> 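One structure, as structure tokens, below. Some questions next.
Predicted, not measured: the structure shown is a model, and the values here were computed from it. Start at 1 and go down the list; that is how both ligands and their atoms are numbered.
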Amino acid sequence: MHQTSPGVERAVAGARDRAEQAGAGAVRLGHYVLALLEEDEGRPAVLLEHIGVSVPAVRGALRAGETPVAPDVAVLFNAARAWSIAHRHDPEFLTDAFLIAVLRASDAFRASCAALGFTPERLESVLIKSESRAAEPVSEVTVFAITEPTAEVDAARVLDASFNRAREAARVLEDYARFVLDDRFLTQEVKELRHGLAAAAQKLPPRVLVASRETLRDVGTTATAASEYERASPAHVAVVNLKRLQESLRSLEEFGKVFGPDLGRTLEALRYRAYTLERALTIGAGSRERLATARLYVLLTRAQCVASLDWTLREAARGGADVFQLREKGMPDRELLPLARDVRAWTREAGVLFIVNDRPDIARLCDADGVHLGQDDITVKDARRVLGPDPLIGVSTHSVEQVRQAVLDGADYIGIGPTFPSKTKAFDRFPGLDFVRAATAETALPTFALGGIGARNIAEVIAAGARRVAVSAAISTADDPERAAQVLKAALTHSPL
Ligand SMILES: Cc1ncc(COP(=O)(O)OP(=O)(O)O)c(N)n1
Ligand SMILES: Cc1ncsc1CCOP(=O)(O)O
Ligand SMILES: [Mg+2]
């Protein structure tokens, strides 16, 4: 049994077909050469072009029917195998070794091919590493004439397969961000990563990749695990393809180093970008689910409530508020933590979410559902260190750039504002309704518009694209927080998400 590549098998079958079609009676050496040169991107064709021989010219000039009858194919296989063992330490021979065996099968045939510009020696001279060649300068366009030719071609084969795999995975993720998440920013991010891959691939001489391509020889193409056909949901598709993208990038990075540190570094940067994307894509999907029905978010400060905080909270929850934030800016920690624990208990009873403002440590100690962070507060990354992967992290934003950064940082939801002047907090800059429009169009992450929002202006905010709002004074200073919450919630639920 000979270990050949599918390329060789195709060439053998192709030579037989040619002989049969020509009514030649026997397969001739020329039939093998023409069959080996049939694929423009195959090794033999690339090799000939590399030594300056025009493949179309050979196809036109070689009179296969007039070339010597080929020996039994087993003889050619033996010669190719011996060549491959001698030069590649590999009994599994490729089309280039088979071509050399065919050329060596007859002196007369060798002479006619030499007249067309190629001899086995010329082909070997660019395939085999020799002491004398190693000292020669390597030209920029050189494909095979490199100090370790088979090593580079083998590395290129991995790169070729991995570039394709990474590009395919990126395409799936782009579709997921675009059609499932409906997220403009993440779609753009994945597209940029895909373009980054294409740019990295261009750092290789194009023919190195082409020369390495023998996909059918890849034993992995038929090795399919049953799990490859199982996808529970679009989110599962995204997770599987994120892993595929990262694995391909790791492989690209490692084998890319064979071509120098520059390519390795470029690919490493792309791999880190893929990790960032993973965070944004998977967190985005999870937060959308957990906050799917959350429309009305209420910030409570004890001193600003006209009645008690617990009564205000219960009333507002009865009126339809979905999320409560404890926002105590100057309260001593000894007072804050017990209050936070009380609010945790009240929100649990009411069946609503509870977020602590500014303080991941307090959020963790009182077992809150999450924390809210402003641009000057602790970062999302550090908050995750305190809270772990599950609790919700909200981030305040005042510009589209901050929205994008919050998405990449792994925020679960975003506060967008201030929209209007607020009695709760003083501002000197108002990104206003234009920002509501821009932010809601940019991301599919849950966004809560806030700042001076109440019953009299909520329609404008909704008209600008907001589907969720966060309010403070509108609830904490209301005589009837239940009714106040109902009015806001009714306006919000009027517009579907
Ligand atoms: C839901 C929500 N959005 C924005 C803010 C504002 O947070 P930040 O900018 O950190 O300001 P302070 O509230 O900490 O003064 C928020 N608290 N909640
Ligand atoms: C904390 C904060 N950050 C931006 S606006 C705001 C206060 C929102 O309160 P109100 O609804 O009373 O304006
Ligand atoms: Mg803050």
> Evaluate the side-chain proximity of Thr419 to Leu450: yes if any heavy-atom separation is below 4.5 Å, no if none is.
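They are not in contact (no side-chain heavy atoms under 4.5 Å apart), so the answer is no.
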> Need the ligand 1 atom indices (1-based, order shown) with element for anything under 4.0 Å from a heavy-atom of Leu299.
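The list of qualifying atoms is 16 (C), 17 (N), 18 (N).
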> Applying the ring-ring contact (aromatic ring centres under 6.0 Å, His included) criterion to Tyr297, which one of Phe354, Phe324, Tyr413 satisfies it?
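In the set Phe354, Phe324, Tyr413, the residue that makes a ring-ring contact (aromatic ring centres under 6.0 Å, His included) with Tyr297 is Tyr413.
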> Give a yes or no on whether Asp377 keeps an N, O or S atom under 2.8 Å from the Mg ion (ligand 3).
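Within the cut-off used here (under 2.8 Å), Asp377 does place an N, O or S atom near the Mg ion (ligand 3).
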> Heavy-atom distances under 4.0 Å decide this one: backbone, side chain, both or neither, for Asp376 against ligand 1?
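Asp376 to ligand 1: no contact under 4.0 Å from either part.
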> Would you say that Arg437 contacts Asp434 through its side chain, given a criterion of any heavy-atom pair below 4.5 Å between the two side chains?
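A side-chain contact under 4.5 Å exists here.
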> Does Arg165 CZ have over 12 foreign heavy atoms under 6.0 Å away?
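Enclosed.
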> Pick out which of Lys489, Arg290, Arg295 makes a salt bridge (Lys or Arg N to Asp or Glu O under 4.0 Å) with Asp322.
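Only one option passes, and that is Lys489.
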> To the nearest 0.5 Å, how far apart are CG in Leu492 and CD1 in Ile462?
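Here the interatomic distance stands at 4.5 Å.
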> If every non-hydrogen atom of Ser162 is compared with every non-hydrogen atom of Ser251, which pair is closest and at what distance?
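That closest heavy-atom pairing would be OG-OG, 3.5 Å.
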> Please compare Gly415, Ala449, Ser396, Gly394 and report which has the shortest non-hydrogen distance to atom 4 (C) of ligand 1.
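Ranked by closest heavy atom to atom 4 (C) of ligand 1, first place is Ser396.
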> Only heavy atoms count here, so choose which of His372, Gln325, Lys329 is nearest to atom 12 (P) of ligand 1.
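Shortest heavy-atom distance from atom 12 (P) of ligand 1: Lys329.
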> Could you list the atoms of ligand 2 found under 4.0 angstrom from a heavy atom of Arg327?
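Close to Arg327: 1 (C).
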> Will you find, in the side chains of Tyr275 and Arg279, an N or O donor that is under 3.5 Å from an N or O acceptor?
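There is no such pair (donor and acceptor under 3.5 Å, judged by atom type) between the side chains of Tyr275 and Arg279.
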> Gln375: heavy atom below 4.0 Å from ligand 1, yes or no?
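Gln375 does not count as a contact of ligand 1 under the 4.0 Å cut-off.
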> Report the part of Phe427 in contact with ligand 2, treating N, CA, C, O as backbone and CB onward as side chain, heavy atoms under 4.0 Å; options are side chain, backbone, both, neither.
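The answer is the side chain of Phe427.
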> Considering only N, O or S atoms, which atom of Asp358 is nearest to the Mg ion (ligand 3)?
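It is OD1 of Asp358.
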> If you round to the nearest 0.5 Å, how far is CG of Asp310 from CG of Asp342?
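Asp342 atom CG to Asp310 atom CG measures 8.0 Å (nearest 0.5 Å).
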> For ligand 1, which is the ligand I care about here, please tell me if Ala470 has any N or O atom under 3.5 Å from one of the ligand's N or O atoms.
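In this structure, Ala470 places no N or O atom under 3.5 Å from an N or O of ligand 1.
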> Does even one non-hydrogen atom of Gly417 get within less than 4.0 Å of ligand 2?
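It does not; every heavy atom stays at 4.0 Å or beyond.
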> If you measure from atom 15 (O) of ligand 1 to every heavy atom of Glu328, Arg359, Arg468, Lys425, which option wins on shortest distance?
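Among Glu328, Arg359, Arg468, Lys425, the closest heavy atom to atom 15 (O) of ligand 1 comes from Lys425.
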> Considering heavy atoms of the protein only, find what lies nearest to atom 2 (C) of ligand 2 and give residue, atom and distance to 0.1 Å.
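Among all protein heavy atoms, the one nearest atom 2 (C) of ligand 2 is Leu450 CD1, 3.9 Å.
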> Does ligand 1 have an atom under 4.0 Å from some heavy atom of Tyr297?
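So Tyr297 counts as touching ligand 1.
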